[in-house]
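Only one structure is covered here, and it is reproduced in the block below.
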Amino acid sequence: MKERTFWHGFLVVVLLNASIYIGCSGGLNVFSKADDIALGQQVKAEIAKHPQEYPISRDESLRSYVQGIANRILTSPVIENKDFRYEVTIINDDQTVNAFTLPGGPIYVYTGLIKFVDNEATLAGVIGHEITHADHRHSTEQMTKAYGVSTLTSIVLGNNAGTLAQVAASIAGNLAMLRFSRNDERDADATSFHALNSIPGRPWYPAAIRYFMEKSLAKTGKTSNLERLFLTHPPSEERLAAIDKLAREAGLPAPTESALNSTGYVRYKATGR
Ligand SMILES: [Zn+2]
């Protein structure tokens with residue numbers, strides 16, 4: 001019940017302003033870009049009210065370090081919605097290896113993820129993946145698919161409270177886990193690669209997200225820390241192979257230490273309060 005209330009509040013706000021929108025990726029989306037931003041900010045405010053579920057880290061140096069990675073990725077011409085609010089929040093939970101993004105930009109990174117990855121380039125690859133989910137508006141596209149244009153627009157036009165409650169309850173089950181389609185995952189991986197590959201000065205090996213996938217796959221079934229990751233962005237051999245293919249096609253040489261930055265990253269693996 002608690003979750004239902006949690007998601008119900010923001011849905012009302014967003015649906016009042018919903019309009020039909022065909023996303024740039026071709027998916028139908030009844031939400032406007034402004035709705036995505038409003039929705040993300042509303043959910044962000046709700047998250048801040050639930051410190052038990054989302055213990056926000058007060059380590060500002062860690063937060064600004066990860067924000068700096070996101071900001072650098074945003075300098076890539078591949079990222080389309082530059083006006084989205086890609087604000088990083090760190091969740092102080094070492095037991096969860098995951099990250100998630102809200103519509104319109106807010107990015108949440110668990111300390112468990114920061115400790116799990118072995119170098120900065122890999123973290124950048126994951127952040128690029130998360131930025132893409134917001135930039136390509138996957139969440140609101142999935143909501144449109146799940147509930148249908150007619151349902152969402154009838155709620156907007158008719159203010160059908162009963163249907164709204166139903167939709168809100170279902171969204172609590174779906175969006176609360178921010179589950180994406182396999183196509184969304186493929187798109188986020190490839191776009192992360194292209195974004196990192198096109199950052200001026202190319203600070204990181206663009207295919208480093210492969211190390212995250214490789215390690216997650218190796219640890220499958222051996223730790224419960226990966227459960228949420230497998231619910232929301234399930235790693236697979238197919239995703240790993242696709243990233244390696246992109247690296248081959250781009251003719252990337254094997255990464256140097258400076259393109260991975262594992263030595264500089266060590267101190268961040270030790271933080272997280
Ligand atoms: Zn994903």
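In this chain, residues are counted from 1 in sequence order. Everything numeric here is computed off the predicted structure, so don't read it as measured data. Scope of the values below: all heavy atoms of this structure, side chains included, with no hydrogens, waters or symmetry mates. One-based numbering, in listed order, for ligands and for the atoms of each.
Connection of Tyr205 to Val78 is not established within any shared hydrophobic cluster, with ILVMFWY side chains joined at heavy-atom distances below 4.5 Å, either directly or through further cluster members.
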> When you look at Val266 and Ser262, which way does the side chain to side chain contact (heavy atoms under 4.5 Å, CB included) test go after all the steps?
Replying inline: CA-CA 6 Å; Val266 168; Ser262 46; 5.9 Å; no
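By the 4.0 Å N-to-carboxylate-O rule, Arg182 lies too far from Glu185 to be salt-bridged with it. No salt bridge links Lys82 with Asp135; every basic N to acidic carboxylate O contact stays at or beyond 4.0 Å.
Contact annotation: His138 places no N, O or S atom under 2.8 Å from the Zn ion (ligand 1). The Zn ion (ligand 1) has Glu185 among its coordinating residues (N/O/S atom, backbone or side chain, under 2.8 Å).
Seen from the Zn ion (ligand 1), atom NE2 of His133 and atom NE2 of His129 lie 100° apart in angle, a value rounded to 10°.
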